[in-house]
There are 2 protein chains.
Amino acid sequence: MAPRARSPRVPSSSRARILAAASAEFAARGFDGAGVDRIARQAVVNKAMIYYHFASKAALYREVLRDMFCAAGERVRAIASREIPRAAKVREFVAALAAEAERRPHFPPIMLRELAEQGRHLDPETLRLMHVMPATLRSILRAPTGGREAGVPDPFLTYCSLLGPVMFFFASAPVRTRITRLGLAQVDGPPLADFVAYMQRTAMRLMAEGSGAARPLRRARSSRRRHAQRPRP
Amino acid sequence: MAPRARSPRVPSSSRARILAAASAEFAARGFDGAGVDRIARQAVVNKAMIYYHFASKAALYREVLRDMFCAAGERVRAIASREIPRAAKVREFVAALAAEAERRPHFPPIMLRELAEQGRHLDPETLRLMHVMPATLRSILRAPTGGREAGVPDPFLTYCSLLGPVMFFFASAPVRTRITRLGLAQVDGPPLADFVAYMQRTAMRLMAEGSGAARPLRRARSSRRRHAQRPRP
DNA sequence: CTGTGCTAACTAACCGGTTAGTTAGTCCAT
DNA sequence: ATGGACTAACTAACCGGTTAGTTAGCACAG
């Protein structure tokens with residue numbers, strides 16, 4: 001009798017709860033800022049339980065990242081393989097980015113943080129997963145279109161122009177809320193549907209390259225060179 | 001004689017060195033990841049010296065942020081007040097963002113991180129400084145243009161579409177380098193000048209709104225609602 | 001009894017911040 | 001001029017709280 005809620009012996013829902021809590025914590029605080037104790041409390045789990053399921057904080061983080069990039073990657077790949085015109089694929093691509101960001105609110109902040117972090121926590125495998133999105137967009141843009149749409153826009157720059165705003169829009173929401181609350185300005189932004197529509201129109205405009213491209217827009221590395229040099233070894 | 005290098009009594013170059021080291025450290029590791037000891041070592045300064053010049057790690061961080069947003073804010077404000085056509089101002093705005101990111105390589109990562117961090121380290125004053133950029137773009141776009149250029153593009157969405165890619169482009173450089181080095185793909189991106197030219201063309205295209213805007217693209221808050229709920233108070 | 005799911009309690013290291021003290025210069029009263 | 005009061009700039013050593021990670025063991029299903 002008194003059948004305990006959350007019985008043991010079931011193939012452990014705790015693992016899933018840990019992952020969910022971890023993804024929230026990592027998104028909100030970053031890898032270094034995240035506390036394993038806090039994750040445990042949020043998942044209603046003993047800290048040792050985390051180390052029972054995952055080798056380390058870093059391994060847990062990697063798991064969260066891979067889940068995320070896997071989901072996003074598969075989503076866009078599915079679009080690329082559909083039998084629709086190139087322009088439609090690009091529109092779908094944009095919608096997919098936004099939908100993924102909506103469904104997993106932790107995706108944009110974690111992605112932005114990883115960029116800022118210079119990929120310090122990204123092993124090659126995760127890096128590969130992260131690269132699926134731009135690679136897929138590239139394949140969409142480069143695929144033969146049956147004579148139509150002459151100029152192929154630069155895949156990388158197009159990726160920047162689409163992903164950048166989407167990540168920015170979602171990740172900036174909390175800060176914008178604070179700015180609005182402080183009365184500094186009214187920047188809550190449009191509803192999601194309007195934003196997506198706007199980004200899709202933007203994407204279409206970006207594809208209307210044709211002339212104006214001037215240089216090939218490839219090759220050569222920018223002359224930037226800087227960033228923290230180590231104190232000494 | 002033997003005039004000591006770095007004599008005391010001079011208004012302390014150490015403060016500047018600390019700020020420089022801190023900005024690099026905060027950009028590379030984030031607020032939580034940054035180590036005061038590491039900043040001290042990098043600035044060739046005793047740790048206590050940091051607490052002599054700054055009240056706390058947080059205060060030091062705020063100083064770094066304010067420097068950055070001040071510089072960027074003044075730069076774009078200068079553009080807004082020039083006597084040139086609206087389109088030229090927007091092009092200059094884009095160039096200014098890129099130039100600022102180039103001159104202060106720590107700016108993009110810190111900005112992205114602060115967004116991801118939900119502005120946890122941003123006091124109202126810093127938030128205000130951060131808001132100067134979008135507010136200025138808005139004033140540029142909304143200003144009377146002498147009859148020309150009928151449709152005013154949405155200032156906030158335009159800001160997303162410009163700042164997003166620029167931050168993304170700069171902040172992603174180290175990760176892209178890693179991807180390229182790993183042989184996953186060739187994503188070093190175009191030289192800076194080409195990128196700026198591309199973004200300026202993009203900006204021009206975004207301003208050619210006119211039709212297609214459908215809805216007003218304002219008001220109403222998106223139905224998103226999620227994010228970490230506290231464990232309990 | 002055995003292995004799986006789980007936990008309380010612990011440890012070792014790290015890190016933000018402090019403290020008590022030194023050095024080298026300025027200012028000024030005599 | 002000079003010596004003493006004062007201060008900015010700087011340092012070594014330390015402290016206490018936090019945190020990633022460990023351990024030893026309990027409970028129960030099969």
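In what follows, every chain begins at residue 1, and chains take the letters A, B, ... in the order their sequences are listed. Only a predicted model underlies this, so the values are computations on that prediction, with no experimental measurement involved.
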Requested in this report: Check whether any side-chain N or O of A/Tyr52 sits under 4.0 Å from OP1 or OP2 of C/dC6, and answer yes or no.
Outcome: no

Requested in this report: Give a yes-or-no answer on whether the side chains of A/Tyr61 and A/Glu114 include a donor-acceptor pair shorter than 3.5 Å.
Outcome: yes

**Report entry** Between C1' of C/dG16 and CD1 of B/Ile18, the distance in whole Å
**Finding:** 15 Å

Query raised in the report: Between B/Arg15 (CZ) and D/dC10 (P), how many Å, whole number?
Result: 13 Å

Query raised in the report: Taking atom P of C/dC14 as reference, at what distance in whole Å does atom CG of A/Asp32 sit?
Result: 14 Å

Requested in this report: Could you check whether the rings of A/Phe107 and A/Phe69 sit parallel, tilted or perpendicular, using 30° and 60° as the cut-offs?
Outcome: perpendicular

N/O donor-acceptor pairs under 3.5 Å from side chains in residues 158-171 of chain A, not counting sequence neighbours:
| unit_1 | atom_1 | unit_2 | atom_2 | d |
| --- | --- | --- | --- | --- |
| A/Thr158 | OG1 | A/Asp154 | O | 2.6 |
| A/Ser161 | OG | A/Leu157 | O | 2.9 |
| A/Ser161 | OG | B/Tyr198 | OH | 3.4 |

Requested in this report: Rounded off to whole Å, could you give me the CD1-to-C1' distance for the B/Ile39 and C/dC15 pair?
Outcome: 12 Å

Query raised in the report: How close do B/Ala80 and B/Ile140 get, heavy atom to heavy atom, and via which atoms?
Result: CB-CG1, 3.8 Å

Requested in this report: Any chance you could measure A/Phe54, atom CZ, to A/Glu63, atom CD, to the nearest 0.5 Å?
Outcome: 5.5 Å

Report summary line: Atom CD1 of B/Ile50 and atom P of D/dA12 are separated, to the nearest Å, by 14 Å

Please produce a list of atom pairs where a protein N or O lies less than 3.5 Å from an N or O of nucleotides 17-23 of chain C.
| unit_1 | atom_1 | unit_2 | atom_2 | d |
| --- | --- | --- | --- | --- |
| C/dG17 | OP2 | B/Tyr51 | OH | 2.9 |
| C/dG17 | OP2 | B/Lys57 | N | 2.9 |
| C/dG17 | N7 | B/Lys47 | NZ | 2.9 |
| C/dG17 | O6 | B/Lys47 | NZ | 2.7 |

Query - Phosphate-side-chain proximity, B/Ser14 and D/dC10, N/O vs OP1/OP2 below 4.0 Å - result: yes

Report task. Looking only at non-hydrogen atoms, find the nearest pair between B/Ala95 and B/Gln200 and report the distance. Result -> CB-NE2, 3.7 Å

